[in-house]
**Q** 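Provided herewith is a single structure, encoded as structure tokens, for subsequent inquiry.
Chain identifiers are assigned alphabetically (A, B, ...) following the order of the sequence lines, protein sequences preceding nucleic acid strands; residue numbering begins at 1 within each chain. For the numbers below, each heavy atom of this structure counts, side chains included, while hydrogens, waters and symmetry mates do not.
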Amino acid sequence: MTNEYASRTTAGRRLDAAFYRRDDVLSIARELLGKYLVTHIDGRHSAGRIVETEAYRAPEDRACHAYGNRRTPRTSTMFEAGGVAYVYLCYGIHHLFNIVTGMEGQAHAVLIRAVEPADNLPLMLERRSFERPRPQLSAGPGVLTVALGIRTRHDGSSLIAPDSPIWVEERESAPADTAIVAAPRIGVDYAGECAAWPWRFYLEKSKWVSKK
DNA sequence: CGAATGATCGGCT
DNA sequence: GCCGATCATTCGA
């Protein structure tokens, strides 16, 4: 793997429109575990192995920003065809990265909650002002975006286009179903009964998950 | 225009 | 475990 921005060399198979543009966001959230989130941002390459995700699905999901298929300037990205980034500012501080899925008009998305450092660890440490790797480097939706250089300016960015700054690729065989835990999502207590739905998925044995 | 509110994090008790 | 930071977004007046 190279760290040169000019090179688009990949270590695996980039996920395509057919992967993202499916109706079942829960399956996609599961299948993203073990895939690699790659960024070429500010002329620099980095990547992390996805170990924790959450699914959000309008219209019935009260935790989803597009609950009831509510279209606002912010949520419009979620209604695009699958394969683009939905990035928004949370608590005025944190940039949270989601992957839009489904067909155009379906507001479905997968929040990436944690990654294990994969490519260019020194850069990820630098972006977080860390001396040495430890889980807080990239375990959590607000910190992994810092480690990978993702910001709200990437909202709406394609994950499919050949020159896109962010994409996901497959580098290894999928984890066994028994290695995956399904649990309620984090931080959505305001969402009533939806808060209990087990739409959070993580690799049970990973040390890089935000919360067990 | 004013006010409320977060799909979080890190520091402090 | 608790709590404040910090601001774009949203909604209501």
**Q** Atom pairs under 3.5 Å, N or O on each side, protein against nucleotides 10-13 of chain C: can you list them with distances?
**A**
from   : atom 1 : to      : atom 2 : distance (Å)
C/dT10 : OP1    : A/Thr72 : OG1    : 2.1
C/dT10 : O3'    : A/Arg70 : NH1    : 3.3
C/dC11 : OP1    : A/Arg70 : NH1    : 3.0

**Q** Please list, chain by chain and in numerical order, all residues satisfying ring-ring contact (aromatic ring centres under 6.0 Å, His included) with A/Trp199, sequence neighbours excluded.
**A** A/Trp197
**Q** Spell out, as yes or no, whether a donor-acceptor pair under 3.5 Å connects the side chain of A/Thr75 to the backbone of A/Met78.
**A** no
**Q** Enumerate, atom names and distances included, each donor-acceptor pair closer than 3.5 Å involving a side-chain atom of residues 173-190 of chain A, sequence neighbours excluded.
**A**
from     : atom 1 : to       : atom 2 : distance (Å)
A/Arg185 : NH1    : A/Ala55  : O      : 3.0
A/Arg185 : NH1    : A/Asp61  : OD1    : 3.4
A/Arg185 : NH1    : A/Asp61  : OD2    : 2.7
A/Arg185 : NH2    : A/Asp61  : OD1    : 3.0
A/Arg185 : NH2    : A/Cys194 : O      : 3.2
A/Tyr190 : OH     : A/Ala63  : O      : 3.3

**Q** By salt bridge (charged side-chain N to carboxylate O under 4.0 Å, His left out), which residues pair with A/Glu170, not counting sequence neighbours?
**A** A/Arg13, A/Lys35
**Q** Applying salt bridge (charged side-chain N to carboxylate O under 4.0 Å, His left out), name anything that partners A/Arg153, two or more places apart in sequence or on another chain.
**A** none
**Q** Could you spell out the base pairing of DNA chain B in dot-bracket, with Watson-Crick or G-U pairs whose two distances are under 3.5 Å, [ ] crossing and | to another strand?
**A** ||||||.|||||.
**Q** Verify the distance criterion only: is there a donor paired with an acceptor across the side chains of A/Tyr36 and A/Glu172 at less than 3.5 Å?
**A** yes
**Q** May I have the list of side-chain donor-acceptor pairs in residues 124-134 of chain A shorter than 3.5 Å, sequence neighbours left out?
**A**
from     : atom 1 : to       : atom 2 : distance (Å)
A/Glu126 : OE2    : A/Arg44  : NH1    : 3.2
A/Arg127 : NH1    : A/Ser46  : OG     : 3.0
A/Arg127 : NH1    : A/Ala147 : O      : 3.1
A/Arg127 : NH1    : A/Leu148 : O      : 3.3
A/Arg128 : NE     : A/Leu137 : O      : 3.1
A/Arg128 : NH2    : A/Gln136 : O      : 2.7

**Q** Is the distance from OP1 or OP2 of B/dA7 to the nearest side-chain N or O of A/Tyr86 less than 4.0 Å?
**A** no
**Q** Is the backbone of A/Glu80 close enough, under 3.5 Å, to the side chain of A/Glu104 for a donor and an acceptor to pair up by distance?
**A** no
**Q** With respect to A/His65, which candidate in A/Phe79, A/Tyr56, A/Tyr88 satisfies the ring-ring contact (aromatic ring centres under 6.0 Å, His included) definition?
**A** A/Tyr88
**Q** Quick check with a 6.0 Å cut-off and a 45 degree axis cone: is A/Arg22 positioned over the face of A/Phe19's six-membered ring?
**A** yes
**Q** Rounded to whole Å, please give me the gap between NE2 in A/His95 and P in C/dA8.
**A** 10 Å
**Q** Quick one: does any side-chain atom of A/Arg49 pair with a main-chain N or O of A/Glu116 as donor and acceptor, under 3.5 Å?
**A** no
**Q** Would you give a per-nucleotide map of nucleotides 8-13 of chain B, 5' to 3', where B means the base has a protein non-hydrogen atom under 4.0 Å away, S means only the sugar-phosphate does, and - means neither?
**A** BSS---
**Q** Return yes when atom NZ of A/Lys212 has more than 12 non-hydrogen atoms of other residues, nucleotides or ligands closer than 6.0 Å, and no otherwise.
**A** yes
**Q** Among residues 55-68 of chain A, which contact DNA chain B at a heavy-atom distance under 4.0 Å?
**A** A/Tyr56, A/Ala63, A/His65
**Q** Apply salt bridge (charged side-chain N to carboxylate O under 4.0 Å, His left out) to A/Arg71 and list each qualifying residue two or more places apart in sequence or on a separate chain.
**A** none
**Q** For DNA chain B, what residues of residues 23-37 of chain A have any heavy atom nearer than 4.0 Å?
**A** none
**Q** Rounding to a whole Å, what distance do you find between A/Asp155:CG and C/dA8:P?
**A** 14 Å
**Q** Using a 3.5 Å distance criterion without hydrogens, assess whether the side chain of A/Glu54 forms a donor-acceptor pair with backbone atoms of A/Arg113.
**A** no
**Q** Give every residue pair that meets the ring pair (Phe, Tyr, Trp, His ring centres under 6.0 Å) criterion with at least one member in residues 91-110 of chain A, sequence neighbours excluded.
**A** none
